[in-house]
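For reference, the structure discussed in these notes is given below.
What you are looking at is a predicted structure, and each value in this text was computed from that prediction instead of being measured.
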Amino acid sequence: MGGAASSCFHAARSSFCSGVIALAPSFGEVGEKFTLELTEGGSVTGKVLAKTKRETALGWDAILGVLELKAFAMGPQKMVSVHGCGWGLSAARAKEIEVQMERALERLADDLGSTSASA
């Protein structure tokens with residue numbers, strides 16, 4: 001099968017919270033369209049591809065790819081991660097997205113950590 005190569009990105013962050021993907025219901029149900037506004041500008045739009053208790057997979061129209069949000073335990077540590085791939089996405093653009101997602105996860109973990117501390 002010929003065509004453009006894919007490039008992938010990944011970001012992960014430890015957090016002291018549980019239920020990080022509680023935000024997932026705001027994306028809608030599988031097959032529904034969604035828009036995720038990004039703090040640093042722009043947005044992710046597409047369709048919800050799959051959802052479980054700890055994972056949400058989203059189709060990302062602009063990069064002809066996918067974005068997966070995941071929460072999991074690594075021993076006693078709670079983790080959040082973002083994975084994605086885009087077909088025809090350059091390695092440089094994938095790196096830009098990866099850096100942006102790392103900063104987003106850092107903000108999320110900080111927000112959730114301060115919420116957990118005040119609860």
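- With contacts defined as side-chain heavy-atom distances shorter than 4.5 Å, the pair Glu55/Glu68 qualifies.
- Remark: the backbone N or O of Gly28 is paired with a side-chain donor or acceptor of Lys51 at under 3.5 angstrom.
- Separating the CZ atom in Arg93 from the CD1 atom in Ile63 is a distance of 8.0 Å, to the nearest 0.5 Å.
- The structure places NZ of Lys70 at 6.0 Å from OG of Ser81, a figure rounded to the nearest 0.5 Å.
- Separating the CD atom in Glu37 from the OG1 atom in Thr45 is a distance of 9.5 Å, to the nearest 0.5 Å.
- For Leu64, there are no side chain to side chain contact (heavy atoms under 4.5 Å, CB included) partners at least two apart in sequence or on another chain.
- Val30 and Leu58 fall within a single hydrophobic cluster, where Ile, Leu, Val, Met, Phe, Trp and Tyr side chains are chained together by heavy-atom contacts under 4.5 Å.
- The side-chain heavy atoms of Ile97 and Leu89, taken from C-beta on, include a pair separated by under 4.5 Å.
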Worked verdict on Arg103 versus Glu106 for salt bridge (Lys or Arg N to Asp or Glu O under 4.0 Å): CA-CA 5 Å; Arg103 289 190 299 255; Glu106 186 173 319; over 6 Å; no

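- A pairwise comparison of heavy atoms in Ala91 and Ser7 identifies N-OG, 3.4 Å as the closest pair.
- The structure places CG of Asp61 at 7.5 Å from CZ of Phe34, a figure rounded to the nearest 0.5 Å.
- Counting Ile, Leu, Val, Met, Phe, Trp and Tyr side chains that sit under 4.5 Å apart, directly or through other members, Val66 shares a hydrophobic cluster with Leu49.
- Taking Lys33 as the reference, nothing meets the side-chain hydrogen bond (donor to acceptor under 3.5 Å, both in side chains) condition, with sequence neighbours excluded.
- Inter-residue side-chain proximity for Phe27 and Val44 is flagged as unmet; no heavy-atom pair is nearer than 4.5 Å.
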Candidate pair Glu32 and Glu29, rule side chain to side chain contact (heavy atoms under 4.5 Å, CB included), full reasoning: CA-CA 6 Å; Glu32 292 181 349; Glu29 295 302 317; 3.8 Å; yes

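- Taking 4.5 Å as the limit, every side-chain heavy atom of Glu98 sits out of range of all side-chain heavy atoms of Met101.
- Distance CH2/Trp60 to SG/Cys85: 11.5 Å, rounded to 0.5 Å.
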